Q: 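Please see the structure below; I have some questions.
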Number of protein chains: 2
Amino acid sequence: MTLSELARELNVSIATISRALNRPDDVAPSTRERILAAVHRNGKYQPGKARWLRAQQTRTIGVVISDIRNPFFAAFVKSIEDIAKDNGYTVLVCNADEDSEKEEAALSMFLDRKVAGLINCSTGGNVALLRAVRQSGAAIIDFDRESGLENTDVVTADNVRGTALAIQHLISLGHRRIATIAGPQHLSNARTRLEVYQRSLARAGIEIVSQYAQSGNFQAESGYECTRKLFKLSKPPTAVFVANLEMCSGLITFVRETGIRVPADLSVVTFDDAFWMRYIDPPITAIAQPVEKMGQYTIQLMLERLRGSRGAQRKMFAPKLIIRQSTAAPPGK
Amino acid sequence: MTLSELARELNVSIATISRALNRPDDVAPSTRERILAAVHRNGKYQPGKARWLRAQQTRTIGVVISDIRNPFFAAFVKSIEDIAKDNGYTVLVCNADEDSEKEEAALSMFLDRKVAGLINCSTGGNVALLRAVRQSGAAIIDFDRESGLENTDVVTADNVRGTALAIQHLISLGHRRIATIAGPQHLSNARTRLEVYQRSLARAGIEIVSQYAQSGNFQAESGYECTRKLFKLSKPPTAVFVANLEMCSGLITFVRETGIRVPADLSVVTFDDAFWMRYIDPPITAIAQPVEKMGQYTIQLMLERLRGSRGAQRKMFAPKLIIRQSTAAPPGK
DNA sequence: CCGACTAATGTAAAGCTTTACATAATATTT
DNA sequence: AAATATTATGTAAAGCTTTACATTAGTCGG
């Protein structure tokens, strides 16, 4: 039912109805009641598509996440939502699946549909499109990775510190043959994690073996594959640093299938913590990011930007090393 | 940049540009190239909000899921997406968090933004709104739960069979004090699971103890709470059937904290399987739903509906009982 | 009781695309 | 070569709301 039909029925102008719905104070209480009552009665009037044509604000925040199956992003979305809702915003999620093409589709969609704000876990490309989104008036925040868009807020974990903690932990246990299952190198966070892995080894005077650095795509299957490759080497590593949760799942599947003992044969430390890591056998040593805090911070920042505050800032959250039983001294020590 | 600006620049009519973008065959190859080139050059023209005003198709499928942190829904979305993308559709996700109010916001949003199709994991209310969405021309499919909307396709697991399998498994192990951590009773699937639990016990001649049926809200915390309540009883159960994954996580946290031994003190079987259930200690006996298949079926059905096929159907997928080590004979047997 | 102000409502423009229909140009048929 | 069909483009309407501005009615101070 359109405004004009409703208007005819109630004998008021379209404008009055629109006002009664959008700026209730601008219309006399009596008419307002009459209109609102009718709106409810008639199977609820729903503002149609033309709304966004004129409306300045859309009260919608788009979120592009990179992997909906990764609990890290799920928790992130969840923590954003409650605060957004309390402030009258709806959160719309698109899953890019670490795929730049899908990200492009998601961004176009958000641009089309004119979101007020965009929180983006970038795959790395699509800068031009992001620029267009910004041009359309949306506030943009990079989360977890940097998109490369100039002059943007970015909220991430402190990847340098997190990775350093993990590697140092392995070194201090006596490991020297330390591998990594790295993420795709077009992602800023994956790059940092790999660089710091290399730097930490170098600093400790450990020779860097190129085959010890396998690159996956942040999804489970690739974690499985990379682990397999590591154990095909003539001198397999005694410890491995996995760059994210999903790839760690893949690693777990592999070691369980093949009977590799953790930590007796292989020590494992991974970026990202999950509920179940504490409970599996053995419990996994992990670098935990404070997801909830990060989510809350991000949405608060977004709300500020939507209120008009300016200036780009870069915020990093300190991750924590949670030592569990998947890491121990290497065999023969 | 709007079409009219572009039109002036290229010396063609707005209509021609619109056609070049939307129905490339309707425009001469030479002009088409010229237009497309310009469109690219100029920081890429992005169709604006007015597009949806006239366009018949939006090529967008909205999905309202009930809990983004539940891997079941995450996997569902994932399996939908690939096929949707191959068919030129974008998937937009809203998280209702088992909260009818949030669901309402999500549905209004999708109505506003005019999605072509809606896949809904209903919280139970909002039928009027769903009707409005349908009226707007969208195809609607209920997934996992029934919304109550008349004449709708619904895709679910066979909850009757799944629950019966679980309870029979416990009974056949010799359990008689069987509890359940049920879901919120306004959800159709939670209702079915509870009913079948009761019916199965009755059929086996087991007395139904009302305190053995605790209702949670399908989220982790409530699983924790319900377990706590069960163990406060003077005669705690020897087995429990948990109605979904997240509540099972809560249960696990509780039994680990308190040192309750599974399955020695308590046998556990849960609806929904997850990657990690196989690997935790002890591995959890679970009712696995064929999520991927369900997702693929749902999106295929949606695509058919969008192509114009009519008639509502109800499809159920058979779940499987995966017996692991969390279930055993009760103590003293 | 008049003028000035306020409050409530109406009028109409703006917003930007898609597409039915009209027109012009070109190709094809007889 | 004329008549007809086809192709390419243009014109303009339709789509439905929001909101600036105009209008009307009502209030209040002097």
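The analysis underlying the following values was restricted to heavy atoms, covering all of them including side chains, and did not include hydrogens, waters or symmetry mates. Remember, predicted model here, so these are calculated numbers, not experimental data. Letters A, B, ... mirror the listed sequences (proteins, then strands); counts begin at 1.
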Q: Checking B/K293 against B/Y297: charged group under 6.0 Å from the ring centre and within 45 degrees of the axis?
A: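 No - B/K293 does not lie over the ring of B/Y297 by the 6.0 Å and 45° rule.
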Q: Looking at C/dT17, C/dG10, C/dA8, which one has an atom nearest to any side-chain atom of A/A28?
A: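 Output: C/dA8.
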Q: Under 3.5 Å, is there a donor-acceptor pair between the side chain of B/E103 and the main chain of B/T123?
A: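 Indeed, once roles are kept as given, a pair shorter than 3.5 Å links the two residues.
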Q: Report which part of the nucleic acid B/S18 touches: base, sugar-phosphate, or nothing (heavy-atom distance under 4.0 Å, all strands).
A: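 The residue B/S18 makes base contact.
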Q: Could you tell me whether A/D26 contacts a base, only the sugar-phosphate backbone, or nothing, with contacts defined as non-hydrogen atoms closer than 4.0 Å?
A: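 Here A/D26 touches the bases of the nucleic acid.
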Q: Return no unless some side-chain N or O of B/T31 is found under 4.0 Å from OP1 or OP2 of D/dT9.
A: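 Result: yes.
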Q: More than 12 heavy atoms of other residues, nucleotides or ligands under 6.0 Å from CD of B/Q185: yes or no?
A: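 Yes, enclosed.
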Q: Side chain of A/R19, heavy atoms from C-beta onward: which of D/dT18, D/dA20, D/dG10 has the nearest atom to it?
A: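 Minimum distance to the A/R19 side chain belongs to D/dA20.
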Q: May I ask you to say whether A/D153 pairs ionically with A/R314, meaning some side-chain N is under 4.0 Å from a carboxylate O?
A: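 Judged by the 4.0 Å cut-off on N to carboxylate O distance, A/D153 and A/R314 do not form a salt bridge.
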Q: How long is the line joining CD1 of B/I14 and C1' of C/dG15, in whole Å?
A: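 B/I14 atom CD1 is separated from C/dG15 atom C1' by 12 Å.
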Q: Under 4.0 Å between a side-chain N or O of B/T16 and OP1 or OP2 of D/dG10?
A: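 For D/dG10, OP1/OP2 do have a side-chain N/O of B/T16 under 4.0 Å.
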Q: Does a salt bridge link B/K85 with A/D99, judged by any charged N lying under 4.0 Å from a carboxylate O?
A: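 Looking at A/D99 together with B/K85, the answer is yes, because their closest N to O distance falls below 4.0 Å.
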Q: Nearest to the side chain of B/V27, heavy atoms from C-beta on, is which of D/dT9, C/dA8, D/dG10?
A: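 Side chain of B/V27 sits closest to D/dT9.
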Q: Mind calculating the distance between CZ (A/R8) and P (C/dG10) to the nearest angstrom?
A: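 Distance check: A/R8 CZ to C/dG10 P gives 14 Å.
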Q: Once you round it to whole Å, what is the distance between C1' of C/dT9 and CG of A/L10?
A: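 After rounding, the gap between these two atoms is 14 Å.
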Q: Whole-Å distance between D/dT17 P and A/I17 CD1?
A: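 Going from A/I17 (CD1) to D/dT17 (P), I get 9 Å.
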Q: Between A/R23 and D/dT19, is there a side-chain N or O to OP1/OP2 distance below 4.0 Å?
A: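 The answer is yes; a side-chain N or O of A/R23 sits under 4.0 Å from OP1 or OP2.
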Q: Would you mind telling me which of C/dT18, C/dT9, C/dG10 lies closest to the side-chain atoms of B/L3?
A: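 In terms of side-chain proximity for B/L3, the closest of C/dT18, C/dT9, C/dG10 is C/dT18.
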Q: Just how far, in rounded Å, is P of D/dT18 from CG of A/L21?
A: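 Result: 8 Å.
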Q: What integer distance in Å separates B/N22:CG from C/dC16:C1'?
A: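 The distance from CG of B/N22 to C1' of C/dC16 comes to 13 Å, rounded to the nearest Å.
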Q: Could you state the CD-P distance from B/E33 to D/dA8, rounded to the nearest angstrom?
A: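 Rounded to the whole Å, the gap is 13 Å.
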Q: Without decimals, in angstroms, what is the distance between B/N11 CG and D/dT9 P?
A: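 Computing the B/N11:CG to D/dT9:P distance gives 13 Å.
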